[in-house]
Novice: 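Dumping the structure here so I can ask a few things about it.
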Amino acid sequence: TKPDFQAMPGIQHSRLLCYHANPMNDGTGKVIHSFGRRLALDKDLRALGDAHNAFELERRARSLAEQEEGAILNPLIRQLDTENATLRGGLGLLSQYLDPNLIVPALHGVASDSNRSDDARLTAVMILERYLDVPVDPELVRILPDPEAVARQSAVEALILAESSPLVLVEFAEQLLDEPQEIVEPVLDVIASMDDPRRARLLATIAAYAPPDIEERVIIWLGSIRHQASVESLYTLRHIGHESLRALSERQLRKLQFAGVTIA
């Protein structure tokens, strides 16, 4: 029931103004509320990129997944053009919690849209392949602006997640080695050229499951990465790698030790 403003002299104008200006009475309030929710979701999604470790990244992604899927999908798509590797990993984790019937077509749409930025298209492909295990049409991969960037992004995400789940490196290695040789070789080259010294652990994990020719290449690469992770990796391969390559691992270890790289 409308209040009896006439019975309250002196405040009729202000009360009437408040009543008629109240946006909830004409549906405008729903629009404003929807806009505010969108801004909040965008902010929360961007905050994935501020996670300090893989545990926190997983927690934030799981929390966002509790939102209504129809509400979170578009904000997620808007963040795909990010250059923040941590945020890309968070978007991938979040995608794993969403309905495949919603997220997979949306990502395919971004990947195939030439009007979208290169970063957005590559991130979409990376999430499809790395996080959702959805094969991407080779024709689509062929027309992407920089296919090597997909491999680099996937490797970066694997290194981030491996902080809390080391088996991610094993999964990456197994998936890569299941690919044809013409894919394995360039992906290895991309990983070897990365700046992150933690790539030594990913390379060593791949070598542990690979044939001798690939392990040999990795051992030589490890000898040029002056970091404790490389020493640890060579120690591991010396014990579990192909017997014919253990002497090579020893030589690369001594090379790093002479360069002053040691472990506790």
Side-chain angles (χ1 to χ4, degrees), residues 41-65 67 69 72-100 102-136 140-141 144-173 175-176 186-187 190-199 201-202 205:
L41 285 175
D42 283 342
K43 180 180 178 181
D44 289 342
L45 278 164
R46 289 193 299 271
L48 289 171
D50 300 327
H52 298 295
N53 53 58
F55 291 105
E56 183 180 352
L57 189 63
E58 172 75 25
R59 179 184 61 77
R60 292 188 182 191
R62 189 182 299 113
S63 176
L64 280 168
Q67 301 283 340
E69 286 185 310
I72 199 67
L73 184 61
N74 286 335
L76 185 154
I77 296 300
R78 285 196 293 272
Q79 300 300 324
L80 290 177
D81 61 355
T82 181
E83 297 180 358
N84 184 315
T86 304
L87 176 52
R88 286 197 300 265
L91 296 176
L93 289 171
L94 174 57
S95 297
Q96 290 180 323
Y97 292 111
L98 302 182
D99 182 354
L102 291 177
I103 187 64
V104 171
L107 292 173
H108 270 299
V110 173
S112 59
D113 186 354
S114 60
N115 293 319
R116 299 298 298 260
S117 70
D118 292 352
D119 285 331
R121 298 176 70 193
L122 292 170
T123 301
V125 170
M126 181 273 296
I127 292 175
L128 285 167
E129 294 189 330
R130 175 76 187 88
Y131 290 90
L132 303 181
D133 197 24
V134 173
V136 177
L140 174 58
V141 175
L144 287 174
D146 183 9
E148 290 186 359
V150 177
R152 186 174 294 106
Q153 285 187 8
S154 294
V156 170
E157 317 313 336
L159 291 175
I160 291 173
L161 294 175
E163 294 175 11
S164 59
S165 303
L167 283 177
V168 168
L169 300 183
V170 176
E171 294 171 358
F172 185 101
Q175 290 175 12
L176 174 61
V187 170
V190 168
I191 297 172
S193 68
M194 291 169 61
D195 293 331
D196 192 331
R198 294 176 301 173
R199 72 189 186 280
R201 297 190 178 100
L202 179 55
T205 306

Novice: Looking at V190, is its backbone amide N or carbonyl O close enough to the side chain of S193 to form a donor-acceptor pair, meaning the two atoms are under 3.5 Å apart?
Specialist: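 A pair under 3.5 Å: yes.
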Novice: Can you give me the closest heavy-atom contact between G90 and A61, atom names plus distance?
Specialist: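 G90 and A61 have their closest heavy atoms at O-CB, 4.1 Å.
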Novice: Using atom types as modelled and distance alone, determine if a side-chain donor or acceptor of S63 lies under 3.5 Å from a backbone N or O of R59.
Specialist: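 Judged by distance alone, no pair lies under 3.5 Å.
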Novice: Quick one: does D113's side chain get under 4.5 Å of V110's, heavy atoms only?
Specialist: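 A side-chain contact is absent here, since even the closest heavy-atom pair is not under 4.5 Å.
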Novice: Just verifying a value: how many Å separate I127 CD1 and L76 CG, rounded to the nearest 0.5 Å?
Specialist: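 It is 6.0 Å, given to the nearest 0.5 Å.
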Novice: Yes or no on side-chain contact (heavy atoms from CB on, under 4.5 Å) for L132 and L107, after CA distance, side-chain angles and deciding distance?
Specialist: CA-CA 11 Å; L132 303 181; L107 292 173; 3.7 Å; yes
Novice: When you compare the side chain of L202 with that of F172, does any pair of heavy atoms fall below 4.5 Å?
Specialist: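 F172 reaches L202 side chain to side chain.
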Novice: Rounded to the nearest 0.5 Å, how far does CG of L98 lie from CD1 of I103?
Specialist: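 Result: 5.5 Å between the selected atoms.
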Novice: Under the side chain to side chain contact (heavy atoms under 4.5 Å, CB included) test, which residues partner Q79, sequence neighbours left out?
Specialist: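 In terms of side chain to side chain contact (heavy atoms under 4.5 Å, CB included), with neighbours along the sequence ignored, Q79 is linked to D42, L45, R46, L87, L91.
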Novice: Tell me, do I72 and L64 make a side-chain contact under 4.5 Å, heavy atoms counted?
Specialist: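 A side-chain contact under 4.5 Å exists here.
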Novice: May I ask you to test the N84-R88 pair for a side-chain heavy-atom distance under 4.5 Å?
Specialist: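 In short, these two side chains do not touch, never coming nearer than 4.5 Å.
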Novice: Which residues satisfy the salt bridge (charged side-chain N to carboxylate O under 4.0 Å, His left out) test with D119, sequence neighbours excluded?
Specialist: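 With sequence neighbours excluded, D119 shows a salt bridge (charged side-chain N to carboxylate O under 4.0 Å, His left out) to no residue whatsoever.
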Novice: By side-chain hydrogen bond (donor to acceptor under 3.5 Å, both in side chains), which residues pair with R199, not counting sequence neighbours?
Specialist: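 Counting only residues at least two positions away or on another chain, R199 forms no side-chain hydrogen bond (donor to acceptor under 3.5 Å, both in side chains).
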Novice: For the atom pair OG1 (T82) and CG (L48), what is the distance rounded to the nearest 0.5 Å?
Specialist: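 The distance works out to 10.0 Å.
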Novice: Please enumerate all residues that pass salt bridge (charged side-chain N to carboxylate O under 4.0 Å, His left out) together with R62, with sequence neighbours excluded.
Specialist: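 Result, salt bridge (charged side-chain N to carboxylate O under 4.0 Å, His left out) vs R62: E58.
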Novice: What pairs with E56 under side-chain hydrogen bond (donor to acceptor under 3.5 Å, both in side chains), at least two apart in sequence or on another chain?
Specialist: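 So E56 forms a side-chain hydrogen bond (donor to acceptor under 3.5 Å, both in side chains) with R60.
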Novice: With sequence neighbours excluded, tell me which residues meet side chain to side chain contact (heavy atoms under 4.5 Å, CB included) with A106.
Specialist: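 If we apply the side chain to side chain contact (heavy atoms under 4.5 Å, CB included) test to A106, skipping adjacent residues, the hits are L73, I77.
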